[in-house]
There are 2 protein chains.
Amino acid sequence: MDAPAVIRALGALAQEHRLAAFRLLVQAGDEGMHAGAIAERLGIVSSSMSFHLAALAHAGLVSQRRQSRLIIYTVNYPAMNGLMGYLTENCCGGVPCLDDAVCCPPQTNIANPHPAENVA
Amino acid sequence: MDAPAVIRALGALAQEHRLAAFRLLVQAGDEGMHAGAIAERLGIVSSSMSFHLAALAHAGLVSQRRQSRLIIYTVNYPAMNGLMGYLTENCCGGVPCLDDAVCCPPQTNIANPHPAENVA
DNA sequence: TCCATATTTCGATAATCATCGAATCGTGGA
DNA sequence: TCCACGATTCGATGATTATCGAAATATGGA
């Protein structure tokens with residue numbers, strides 16, 4: 001994941017309704033949710049929801065699939081992990097982190113410094 | 001960390017120069033960097049740098065301290081971890097994650113579901 | 001006290017973004 | 001074929017944001 005992709009992802013999430021939609025999808029898991037259901041849960045009109053879902057999709061954070069007349073959205077977990085990895089990369093210059101710098105728990109950054117570099 | 005705080009943090013990071021500055025500070029660790037040094041590394045004028053650093057500080061992502069004439073910026077690690085925790089909270093509805101859903105490694109989300117809830 | 005340096009604030013401009021209603025597109029059932 | 005429904009696109013409006021140079025503020029040294 002390169003800087004422009006990270007900026008797109010962060011920018012996509014930095015909005016009330018998109019962040020809420022993303023969290024709904026994170027919690028929904030692979031089952032996902034369709035556009036109308038998300039709009040209803042968030043209480044916004046469908047055109048705005050579509051605008052926001054397109055932004056999340058363009059940022060690579062969610063995927064969509066059609067199921068009859070519904071469009072089902074699911075979280076793109078590799079992108080999500082790539083985002084996390086980018087922010088914590090080389091935390092503390094490689095020096096073992098302090099107690100409150102949980103940014104690099106041993107199992108992800110020390111044993112496997114760049115767990116998400118295989119993400120586009 | 002509540003939704004508005006997360007949105008401020010994400011919005012602060014969703015900008016080329018702020019993201020770059022934040023990463024510099026993540027890698028600098030507790031030693032930090034002063035405003036001028038960051039501006040020089042990023043190749044932007046000091047007034048713009050000040051604008052961006054203020055945005056990061058307002059979002060709670062960085063802290064500042066004065067050292068003689070320099071203002072040293074450091075990453076606020078608890079806020080950083082709070083951000084990560086918020087995004088992955090209740091990942092997959094609590095169901096054990098798939099292999100590519102590294103969003104909730106056992107040591108953070110399962111053994112300790114909400115590791116960053118003590119962040120303001 | 002006076003000057004040099006580091007940083008922030010101010011003012012103006014250009015660009016991007018969120019929102020809504022209306023219109024359009026695509027799918028499936030009668 | 002025609003209709004209903006879910007979703008997206010379009011057009012317009014109002015608000016927020018990034019950028020820069022100039023000016024102001026604050027600290028430390030001569």
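Here is how names work: the chains are called A, B, and so on, in the same order as the sequence lines, proteins then strands, and each is numbered from 1.
Close approach of DNA chain C to chain A, defined as any atom under 4.0 Å from a non-hydrogen atom of the protein, starts and stops at C/dA18 to C/dG28.
In plain terms, the two heavy atoms of B/Leu83 and B/Met1 that are nearest each other are N-SD, 3.3 Å. In this structure, A/Ala55 and A/Ala12 approach most closely via the heavy-atom pair O-CB, 4.0 Å. Nearest heavy-atom pair across A/Val6 and A/Tyr86 is CG2-CG, 3.4 Å. Minimum interatomic distance between A/Ile38 and A/Leu24 (heavy atoms only, all atoms of both residues): CG2-CD1, 4.3 Å. Residues B/Glu16 and A/Ile7 share a closest heavy-atom pair of CA-CD1, 3.4 Å. Of all heavy-atom pairs spanning B/Leu56 and B/Ala21, the tightest one is CD1-CB, 4.3 Å.
Residue B/Ser68 is in sugar-phosphate contact alone, with no base atom involved, counting any heavy-atom pair closer than 4.0 Å across all strands shown.
Residue A/Ile72 contributes atom CD1, which lies 11 Å from atom P of D/dT8 at whole-angstrom precision. Atom pair B/Leu70:CG and D/dA26:C1' shows a separation of 13 Å (rounding to whole Å applied). Going from atom CD of B/Gln67 over to atom P of D/dG28 covers 11 Å, rounded to whole Å.
For the 3.5 Å distance criterion, the side chains of A/Tyr73 and A/Arg65 fail to qualify, holding no donor opposite an acceptor.
Looking at heavy atoms from C-beta onward, B/Arg18 lies in side-chain contact with B/Phe51 at the 4.5 angstrom threshold.
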Output one line per pair: protein atom, nucleotide atom from nucleotides 3-5 of chain D, and distance, for all N/O pairs under 3.5 Å.
residue	atom	partner	partner atom	Å
D/dA4	N3	A/Arg69	NH1	3.3

Each nucleotide N or O in nucleotides 14-20 of chain D that has a protein N or O under 3.5 Å away: list the pair and distance.
residue	atom	partner	partner atom	Å
D/dA18	OP1	B/Arg18	NH1	3.3
D/dA18	OP1	B/Arg18	NH2	2.6
D/dA18	OP2	B/Arg18	NH1	3.4
D/dT19	OP1	B/His17	ND1	3.2
D/dT19	OP2	B/His52	NE2	2.4
D/dC20	OP2	B/Ser48	OG	3.0

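In this structure, the side chain of B/Gln67 does not engage the main chain of B/Leu70 through any donor-acceptor pair within 3.5 Å. When atom types are taken as modelled, the side chain of B/Asn76 and the backbone of B/Ser63 share no donor-acceptor pair closer than 3.5 angstrom.
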For B/Ile71 and B/Leu53: C-alpha separation, side-chain torsions, deciding distance, then whether side chain to side chain contact (heavy atoms under 4.5 Å, CB included) applies. CA-CA 11 Å; B/Ile71 305 228; B/Leu53 288 172; over 6 Å; no
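Proximity of A/Tyr73 to the phosphate of D/dT8: a side-chain N or O atom is located under 4.0 Å from OP1 or OP2.
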